[in-house]
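This report concerns only the one structure given below.
The first residue of the sequence shown is numbered 1, and numbering continues consecutively from there. The structure presented is a predicted model; accordingly, all values stated were derived computationally and were not measured.
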Amino acid sequence: MFFPGTTLKYTQLLLNNLHRTSIKSSFQRKMHVKSIPMRWGTGDNYSYLLTDEPTGHSWIIDPAEPNEVLPELEPLAHIEVKAIVNTHHHYDHSGGNSTFHKKYPSLPVIAGKDSPLVTKTPKSNETLKLGKNLKITALHTPCHTQDSICWYVEDSESGKKAVFTGDTLFTSGCGRFFEGTGEEMDIALNKILASLPDGTVVYPGHEYTASNVKFSKSVMPNNNALAKLDQFTSQNEFTTGRFTIGDEKLFNPFMRLSDEAVVKATGVTSGIDGDVMDVLRKMKNNF
């Protein structure tokens with residue numbers, strides 16, 4: 001049972017889901033990630049259901065729109081949600097906390113200190129257990145917001161790895177520096193996230209890939225990996241869960257601050273990488 005009190009019939013919703021093209025699932029041997037698009041066409045957000053398959057124990061990450069998220073969860077009779085989790089406090093990520101808490105008051109809210117109704121804020125690099133096989137590390141990445149946390153997941157059975165990056169890292173892009181600096185984003189992307197294994201699959205908070213690619217091409221016009229991403233994006237509406245940290249190092253200008261093309265585009269030839277990051281983000285803001 002997923003939640004107590006579920007009233008919708010599994011078969012009805014299963015038939016409905018067969019006609020929904022918006023839901024993409026990425027299956028791994030023991031770690032299952034279900035992406036749930038929300039606010040499509042306006043905010044293009046993703047919520048995620050992370051499940052340890054042997055036990056069915058799950059986290060629901062950034063379920064900002066309960067009316068869109070709950071119908072996708074209720075037919076999943078084999079799972080048991082153990083926590084509501086946020087990547088940061090912005091309403092389009094944490095706006096569903098109140099509704100979920102009212103419906104299921106026993107569920108903890110695991111998030112940064114500024115999220116609504118938060119009950120647990122792990123320390124940076126603190127590890128949590130989900131089900132039998134999943135170890136989850138809280139990576140504090142302040143910049144977009146000061147309470148931003150990326151959730152790094154390791155499956156002890158399959159060896160699969162994933163990271164939920166919220167609005168810190170997007171495919172070929174990064175979030176705005178609403179509460180931080182270029183130096184902080186440089187640390188978040190190029191020290192913390194770049195240190196993860198290259199095979200770590202990235203699950204960002206928004207589907208911004210198409211617009212990010214346009215900007216990235218203006219900065220790195222001769223990047224072969226970026227050309228391949230451009231082709232993929234032109235043929236696929238949903239790109240979450242299809243690329244890795246290793247891929248980002250190849251086609252994301254915000255993770256290639258020493259690339260000659262990036263240096264040339266920004267005009268920053270001296271100083272620290274945080275200076276390049278600041279100029280690059282301002283260029284993206286005005287693109």
Side-chain angles (χ1 to χ4, degrees), residues 1-14 16-17 23 25 31-39 43 45-124 126-140 145-153 162 164-167 203 205-206:
M1 177 180 292
F2 168 64
F3 283 129
T6 296
T7 58
L8 296 177
K9 293 182 180 180
Y10 174 80
T11 52
Q12 284 181 313
L13 283 171
L14 180 59
N16 289 339
N17 284 347
I23 303 302
S25 293
M31 184 198 319
H32 178 207
V33 179
K34 179 184 182 70
S35 61
I36 305 173
M38 305 175 296
R39 305 173 69 241
N45 287 76
Y46 284 113
S47 177
Y48 295 102
L49 182 71
L50 170 67
T51 301
D52 172 69
E53 285 291 340
T55 62
H57 293 180
S58 303
W59 276 8
I60 183 65
I61 301 173
D62 288 350
E65 299 290 340
N67 290 340
E68 295 183 82
V69 174
L70 284 169
E72 303 302 336
L73 303 185
E74 288 170 335
L76 305 178
H78 67 291
I79 69 167
E80 180 183 357
V81 170
K82 290 295 188 178
I84 304 159
V85 181
N86 298 154
T87 57
H88 61 293
H89 71 267
H90 283 167
Y91 78 94
D92 58 333
H93 296 262
S94 67
N97 289 6
S98 178
T99 297
F100 272 89
H101 179 69
K102 287 178 182 178
K103 289 178 69 68
Y104 313 108
S106 63
L107 292 181
V109 178
I110 304 174
K113 63 182 180 62
D114 297 324
S115 275
L117 302 174
V118 61
T119 58
K120 179 177 178 60
T121 299
K123 296 178 181 178
S124 191
E126 182 177 342
T127 60
L128 304 173
K129 187 76 173 177
L130 179 62
K132 178 183 177 182
N133 295 325
L134 302 188
K135 182 177 79 170
I136 305 171
T137 304
L139 303 176
H140 287 217
T145 65
Q146 285 298 302
D147 70 338
S148 291
I149 299 176
C150 295
W151 302 100
Y152 172 55
V153 188
F164 298 87
T165 58
D167 289 4
Y203 293 92
H206 293 263

Please report the closest heavy-atom contact between H140 and K123, naming both atoms and the distance. NE2-C, 3.5 Å
Indicate yes or no for a side-chain donor-acceptor contact from S35 to the backbone of Y48 under 3.5 Å, with no hydrogens or angles considered. no
Not counting sequence neighbours, which residues clear side chain to side chain contact (heavy atoms under 4.5 Å, CB included) with P54? List them please. K30, D52, K132, N133
Check whether the side chains of D167 and H90 place a donor and an acceptor atom closer than 3.5 Å, and report yes or no. no
Locate the shortest heavy-atom distance separating S94 from H89; write the atom from each residue and the value. OG-O, 2.7 Å
To the nearest 0.5 Å, what is the distance between OH (Y104) and CD1 (I84)? 9.5 Å
Only counting residues at least two apart or in another chain, list the ones meeting side-chain hydrogen bond (donor to acceptor under 3.5 Å, both in side chains) with Q146. E184
Answer whether the closest heavy-atom distance between the side chains of L139 and T165 falls below 4.5 Å. no
Those residues that, when tested against D92, pass side-chain hydrogen bond (donor to acceptor under 3.5 Å, both in side chains) (two or more places apart): N45, H206
Within the structure provided, determine whether D62 and F164 are in side-chain contact (heavy-atom separation under 4.5 Å). no
Run the side chain to side chain contact (heavy atoms under 4.5 Å, CB included) test on M38 and V69 for me, step by step, so that the C-alpha distance in whole Å, both residues' side-chain angles and the decisive distance to 0.1 Å come before the verdict. CA-CA 8 Å; M38 305 175 296; V69 174; 3.6 Å; yes
For T51 and K34: C-alpha separation, side-chain torsions, deciding distance, then whether side chain to side chain contact (heavy atoms under 4.5 Å, CB included) applies. CA-CA 8 Å; T51 301; K34 179 184 182 70; over 6 Å; no
Pair up each side-chain donor or acceptor in residues 108-120 with any protein partner under 3.5 Å, not counting sequence neighbours, and list the distances.
| from | atom 1 | to | atom 2 | distance (Å) |
| --- | --- | --- | --- | --- |
| S115 | OG | N86 | OD1 | 3.0 |
| T119 | OG1 | V109 | N | 2.9 |
| T119 | OG1 | V109 | O | 3.2 |
| K120 | NZ | E126 | OE2 | 3.3 |

Would you please test I60 and L107 for side chain to side chain contact (heavy atoms under 4.5 Å, CB included) and show each step? CA-CA 11 Å; I60 183 65; L107 292 181; 5.8 Å; no
Which pair of heavy atoms, one from P63 and one from F100, lies closest together, and at what distance? CB-CE1, 3.6 Å
For side chain to side chain contact (heavy atoms under 4.5 Å, CB included), just list the numbers for W59 and I136, CA-CA rounded to whole Å, side-chain angles, deciding distance to a tenth of an Å, and then say yes or no. CA-CA 11 Å; W59 276 8; I136 305 171; 3.6 Å; yes
Among all residues two or more places apart in sequence or in another chain, which pass the side-chain hydrogen bond (donor to acceptor under 3.5 Å, both in side chains) test with T145? D147, S148
Shortest non-hydrogen contact from I79 toward S58: CB-OG, 3.6 Å
By side chain to side chain contact (heavy atoms under 4.5 Å, CB included), K103 pairs with (sequence neighbours left out) L70, T99
Kindly compute the distance separating NE2 (H32) from CD (E53), expressed to the nearest 0.5 Å. 6.0 Å
Taking every heavy atom of K129 against every heavy atom of G131, the minimum-distance pair comes out as CE-O, 3.5 Å
Side chains of E68 and I36 in contact at under 4.5 Å (non-hydrogen atoms): no
